[in-house]
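Take a look at the structure set out below.
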Amino acid sequence: MADIESLLKEKRSFKPSAEFVKNANWNKRTVDEYRKLGAKNPERFWAKMAKENVSWFTPWKKVLQWKPPAAKWFVGGKLNVSYNCLDRHLVGENAWRRNKAAIIWEGEPGDTRVLTFGELHREVCKFANVLKGLGVKKGNRIALYMPMIPELAIATLACTRIGAIHSVVFGGFSAEALRDRIEDAGAHVVVTADGGYRKGVPHALKPAVDEAVAGLDVVEHVVVVKRTGEEVAWESARDHWWHDLMQEASAKCAPAKLDSEHPLFILYTSGTTGKPKGILHTTGGYLTHVTTTAKALFDLNETDTYWCTADIGWITGHSYVIYGILANGVTSLMYEGVPTHPAPDRFWDIIERHRVSIFYTAPTAIRTFVRLGDEHPQKHDLSSLRLLGSVGEPINPEAWMWYHRIIGGRRCPIVDTWWQTETGGIMITPLPAATETKPGSATLPFPGIDADVYTEEGVPANPPDGGFLVIKKPWPGMLRGIWGDPERFKETYWSKYENTYFAGDGAHRDSKGYFWIMGRIDDVMNISGHRIGTMEVESALVSNVKVAESAVVGRPDEITGTAIVAFVTPKGGVTSNDDLARELREHVAKHIGAIARPADIRFTDALPKTRSGKIMRRLLRDIASGKETVGDTSTLEDYSVIARLREADEG
Ligand code: WT7
């Protein structure tokens with residue numbers, strides 16, 4: 001409730017600049033027209049977008065087949081994603097794009113590579129042939145566990161060329177997390193690198209792959225890019241160097257004509273149970289959604305240099321580093337490393353040197369920059385920027401204002417974009433030439449998207465009351481399922497309200513209908529814009545022999561948005577001290593990845609539970625964030641537990 005009220009006090013608003021109103025892809029009139037059409041007949045709107053923004057080998061017969069919760073978009077249509085991102089920029093009136101930069105890449109040590117659309121096409125065709133040579137067939141799953149290097153984009157596009165399904169696993173995940181994902185997807189081939197660079201040093205990946213696939217019979221081939229040159233262990237029957245395979249490969253590979261509903265990729269994301277969910281996306285609807293939104297809300301132009309700082313290991317990198325950007329024929333900048341290496345101005349230096357015009361990043365990064373000080377961006381000429389974006393979590397109004405003033409020079413519109421791994425593409429967002437923005441609000445649904453805020457009873461909440469964010473009609477980029485688990489798909493997203501998608505976020509609308517997203521309402525924490533399930537961290541903790549029980553909650557953190565606090569009950573006879581806390585933090589990092597490492601470990605002899613044995617996380621959340629315990633505690637089995645936890649807190 002406190003969050004709702006503080007946001008409601010936000011009175012500042014910003015009208016689209018004259019510059020944008022004059023030149024935008026979608027001006028105010030277009031947006032009005034599309035909003036009307038999207039509300040009246042979303043299928044007609046999306047069909048228009050699919051025709052305008054995507055190239056099809058065979059037109060669809062039916063725009064939408066909706067048997068809740070199963071949606072099929074552009075039924076009967078045939079297309080290829082890599083054709084849309086590459087080939088179509090090499091022919092006809094766009095043929096000149098052959099020598100235009102598709103990817104401008106910068107490694108953390110400062111090395112750079114530019115791949116034109118022509119070169120990227122060649123590399124993708126070659127790697128598609130490499131995959132075929134390894135026996136990969138349409139529908140096979142390929143795990144990609146790589147640093148942010150061009151080969152990662154090449155590998156994803158090569159999969160789409162032949163209809164293989166990629167499953168990108170973020171390079172920050174541990175061997176164990178990788179193993180679970182490879183196993184769940186049944187991936188025969190893993191593509192990796194010896195390592196990548198992070199914070200000035202090589203960060204090895206191949207050893208994690210070796211550990212992950214040891215004894216996993218399903219994996220037949222591991223392809224390794226040489227990036228750092230560090231020594232790696234080698235299993236000659238299984239491992240292949242990328243450069244060896246590529247040397248032999250032909251650069252001719254016709255794009256497969258794939259069904260609109262052919263699976264495009266699986267991407268794992270956290271849920272409320274320990275097991276991550278393999279979110280499945282398909283071809284035609286997804287590509288239509290990401291290509292259309294990118295063109296409209298980033299206002300992509302032929303001359304833009306667009307930079308999204310997300311790792312390709314997350315959905316943002318899939319949709320808005322690769323597919324939505326390249327499909328528009330626009331130059332996408334890719335950076336390998338951390339924002340602050342070798343100095344706190346690395347990002348601003350990149351923007352100045354490459355004359356970046358559109359910049360898309362996360363609130364957690366913005367808050368880090370606020371803390372580092374204005375002098376770093378102010379050392380650089382950022383006048384090439386014309387639009388800024390934010391994604392991953394609610395952006396606090398003060399961070400928004402800083403972004404607007406210091407990075408945007410008060411001239412760049414900010415698009416605060418709400419969406420999820422499951423939605424595939426952006427759902428709620430300003431349109432830069434049409435929407436008056438308010439710091440902290442993602443504003444309005446994209447045309448053709450029917451979003452609302454529901455009460456517990458499933459009726460629209462009365463502004464300014466809060467409720468649950470829902471999507472009332474299917475949309476083209478929506479997930480088609482959870483890999484191998486149709487029941488969980490129904491249960492998680494479609495069981496709370498009938499035929500309505502339940503996003504799992506709290507939100508409310510103001511008198512203008514603007515959406516204010518308040519964050520997750522389930523037991524999923526948003527750490528630096530990435531979802532981590534409390535259960536996952538708890539499972540990792542109790543897998544340590546010294547731990548009897550644990551409960552994990554989030555507390556507000558100035559930089560990462562949420563920080564992980566783990567309440568841990570050690571087994572009898574175990575001494576709880578700083579060493580154990582350190583050991584457990586590392587234990588979690590090893591089992592899941594550094595992103596899930598708890599900020600605090602708190603030892604306790606008991607956890608607050610209801611009489612039926614459910615841990616009362618709400619109480620733990622209050623304690624973790626230093627708040628008074630409010631609300632009902634009558635179901636608590638033993639109130640003294642809370643008193644003891646509080647005492648420990650004060651002590
Ligand atoms: C969750 C989805 C979408 C790509 C990155 C995260 C939160 C995302 C916003 C925003 C407020 C946001 C939500 C959502 N979120 N964008 N602009 N304002 N909250 O993808 O890991 O699937 O997480 O991130 O809580 O449900 P994800």
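Just so you know, ligand 1 is whichever comes first in the structure, and atom 1 is the first atom listed for that ligand.
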_I want to know if ligand 1 touches T417 in the polar sense, i.e. an N/O pair below 3.5 angstrom._
yes
*Ring centroid separation for H166 and H318, is it under 6.0 angstrom?*
yes
*What atoms in ligand 1 come closer than 4.0 Å to a heavy atom of N526?*
7 (C), 24 (O)
*Would you mind telling me which of W26, W46, F446 makes a ring-ring contact (aromatic ring centres under 6.0 Å, His included) with Y34?*
W26
*By number and element, which atoms of ligand 1 are closer than 4.0 Å to a non-hydrogen atom of R520?*
25 (O), 26 (O)
_Taking a cutoff of less than 4.0 Å between a non-hydrogen atom of the residue and any ligand atom, is A442 in contact with ligand 1?_
no
*Within reach of ligand 1, part of Q420 (heavy-atom separation under 4.0 Å)*: both
*Are E398 and R12 close enough for a salt bridge, meaning some N to O gap below 4.0 Å?*
yes
*asked:* Suppose I only count heavy atoms of V391 and a 4.0 Å limit; which atoms of ligand 1 are within that range?
replied: 3 (C), 4 (C)
*Tell me, which protein residue and heavy-atom name are nearest atom 10 (C) of ligand 1, and how many Å apart are they?*
E393 O, 3.5 Å
*No-hydrogen, no-angle side-chain donor-acceptor test under 3.5 Å, D510 and W516*: yes
*W418 near ligand 1, heavy-atom distance under 4.0 Å?*
yes
*asked:* Are Y268 and F173, when compared by the centres of their aromatic rings, separated by less than 6.0 Å?
replied: no
*When you measure from atom 21 (O) of ligand 1 to every protein heavy atom, which one gives the shortest distance, and what is it?*
R531 NE, 3.5 Å
*Quick check: does H530 get an N/O under 3.5 Å from an N/O on ligand 1?*
no
*What residue and heavy atom of the protein are closest to atom 6 (C) of ligand 1, and at what distance?*
G529 O, 3.7 Å
*Of the protein's non-hydrogen atoms, which lies at the shortest distance from atom 1 (C) of ligand 1, and what is that distance?*
W419 O, 4.2 Å
*Any idea which protein heavy atom is nearest atom 22 (O) of ligand 1, and the distance to it?*
T421 OG1, 2.6 Å
*Which of the atoms in ligand 1, numbered in the order shown and given with their element, are less than 4.0 Å from a heavy-atom of I315?*
4 (C)
*asked:* Using the ring-ring contact (aromatic ring centres under 6.0 Å, His included) criterion, which residues pair with Y320? Sequence neighbours excluded.
replied: F298, W419
*In the protein, what heavy atom is nearest to atom 13 (C) of ligand 1, and what distance, to one decimal place, separates them?*
D505 OD2, 2.9 Å
*Does D180 pair with K275 as a salt bridge, N-O distance under 4.0 Å?*
no
*Would you say K472 has more than 12 foreign heavy atoms packed within less than 6.0 Å of its NZ?*
yes
*asked:* So, regarding T316 and ligand 1 (criterion: nitrogen or oxygen to nitrogen or oxygen, under 3.5 Å), is there a contact or not?
replied: no
*State, yes or no, whether a side-chain contact exists between R480 and W73 at a heavy-atom distance under 4.5 Å.*
yes
*Could you list the atoms of ligand 1 found under 4.0 angstrom from a heavy atom of I517?*
11 (C), 19 (N)
*Establish, yes or no, whether a centroid distance under 6.0 Å links the rings of W307 and Y360.*
no
*Would you please indicate if the ring centroids of Y501 and Y493 are separated by under 6.0 Å?*
yes
*asked:* In terms of relative ring orientation, are W348 and F369 parallel, tilted or perpendicular, with 30° and 60° separating the classes?
replied: perpendicular
*What about S390: any of its N or O atoms under 3.5 Å from an N or O on ligand 1?*
no
*Considering only the protein, which heavy-atom contact is closest to atom 11 (C) of ligand 1, and what is its distance?*
P394 N, 3.1 Å
*Please state whether G392 comes within less than 4.0 angstrom of ligand 1, counting heavy atoms only.*
yes
*Taking the side chain as every heavy atom from C-beta outward, state whether R386 and D304 have any atom pair closer than 4.5 Å.*
yes
*Which is it for I395 and ligand 1 at heavy atoms under 4.0 Å: side chain, backbone, both or neither?*
neither
